[in-house]
Protein chains: 2
Amino acid sequence: MKRTDRKSDCAINYSLEHIGDQWSLLIVRDMIYFGKRTYGEFLASDERIGTSVLARRLSELERSGILTKTPSQTDKRKDEYHLTPKGLDLVPILVDLTEWGAAHDPDTGADLHTIVKAKANRTGFIRRLRAAAAV
Amino acid sequence: MKRTDRKSDCAINYSLEHIGDQWSLLIVRDMIYFGKRTYGEFLASDERIGTSVLARRLSELERSGILTKTPSQTDKRKDEYHLTPKGLDLVPILVDLTEWGAAHDPDTGADLHTIVKAKANRTGFIRRLRAAAAV
DNA sequence: CTGTATCCTTAGGGATACTG
DNA sequence: CAGTATCCCTAAGGATACAG
């Protein structure tokens, strides 16, 4: 996004303009919570993201410096997607979104055990998620 | 949003489908960080939200149970918008979005003093924001 | 001035065909 | 199967006129 296109210099606005869409944080969720790394793994999520939407979101997340795309060593046909430090810094946001959704969605199917853990020891929980996702 | 329209039962997905747009959290930010309560105050923000967009977002946030709309006591022409407990629970998300944006936006104009305070004592910071916004 | 309704435009999502 | 390109459609955003 060009500097001049921004609605404002507010930090929250910056965040929303980069990850405030319906799909980006679901992809990051898959990487952080489920360790997904490849195109096919992202496609297989419950939300059934479309192939074209996935490709676009991945390339925009790469452009935003949130993830990197590198050829897979084990399978030459595939690319692997990995979170950058900037992407790993999204962990707290995901934790909060999980807590808020689990607390207020009447039909939630969230893993409440995980939520409770997050609430009980937020810092440690985040550190562990980050460490696991940083592989 | 009808139950059957949901992409999935994931708690994160629930959150994104309710507040994952470009404007909702900016309105909530104005209420929490700046104590804004009225239509005109929201209109005056840096991002220059349009009148029709503001009206739609306010009514959807009301429908989602995030804020309430009540006639102002002091000025009979106005309505007042107040956060519900569900809306107040968005405070941690806003704090995280602020931190992430401030950390990674090269052109940020965020109040870094505030950010540092938030990092140093997250719990206390959130409690104070909540208390102020709950008026 | 507060707030809504109308209309138009556009970005983002979705289906699908396609290449390697 | 991995990933891209194309096309279409809808929902969100934006300008503006309008009513109280």
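In what follows, every chain begins at residue 1, and chains take the letters A, B, ... in the order their sequences are listed. As the structure is a computational prediction, the values presented were derived from the model and not from experiment.
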Least distance between heavy atoms, B:Glu47 atom then B:Leu26 atom: CG-CD1, 3.9 Å
Sugar-phosphate, base or nothing in reach of B:Asp79, heavy atoms under 4.0 Å: sugar-phosphate
Nearest heavy-atom neighbours spanning B:Ala132 and B:Arg37: O-NH2, 4.0 Å
Separation of C:dG3 C1' from B:Glu80 CD (nearest whole Å): 15 Å
Interatomic distance where CD belongs to A:Glu60 and C1' belongs to C:dG13 [whole Å]: 12 Å
Length of the line joining B:Lys78:NZ and C:dT4:P, which is rounded to integer Å: 15 Å
Under-4.0 Å side-chain N/O to phosphate OP1/OP2 contact, B:Lys69 with C:dT4: yes
Spacing between B:Leu58 atom CG and C:dT2 atom C1', to the nearest angstrom: 12 Å
Nearest non-hydrogen partners of B:Gly87 and B:Ile32, listed with the distance: O-CD1, 4.4 Å
A:Arg122 versus A:Pro92, closest heavy-atom pair with distance: NH2-CB, 3.5 Å
Heavy-atom pair with the smallest gap, counting every atom of A:Leu16 and B:Gln22: O-NE2, 3.1 Å
Chain B footprint on DNA chain D, 5' to 3' - any atom under 4.0 Å from a heavy atom: D:dA12 to D:dT16
Salt bridge present between A:Glu60 and A:Arg57 (N-O < 4.0 angstrom): yes
Pairwise distance CD1(A:Ile66) to CG(A:Leu83) - rounded to 0.5 angstrom: 9.0 Å
Atom-pair distance (CG on A:Asp21; C1' on C:dG13), nearest Å: 10 Å
Interatomic distance, A:Ile19 CD1 vs C:dG12 P [rounded to whole Å]: 15 Å
Lys/Arg N to Asp/Glu carboxylate O, A:Arg6 vs B:Asp105, below 4.0 Å: yes
Gap separating the OH atom of B:Tyr33 from the OG1 atom of B:Thr98, nearest 0.5 angstrom: 3.0 Å
Of residues 47-57 of chain A, the positions that come close to DNA chain C - non-hydrogen atoms, cut-off under 4.0 Å: A:Thr51, A:Ser52, A:Val53, A:Arg56, A:Arg57
Whole angstrom value for the distance that separates C1' of C:dG12 from CH2 of B:Trp23: 17 Å
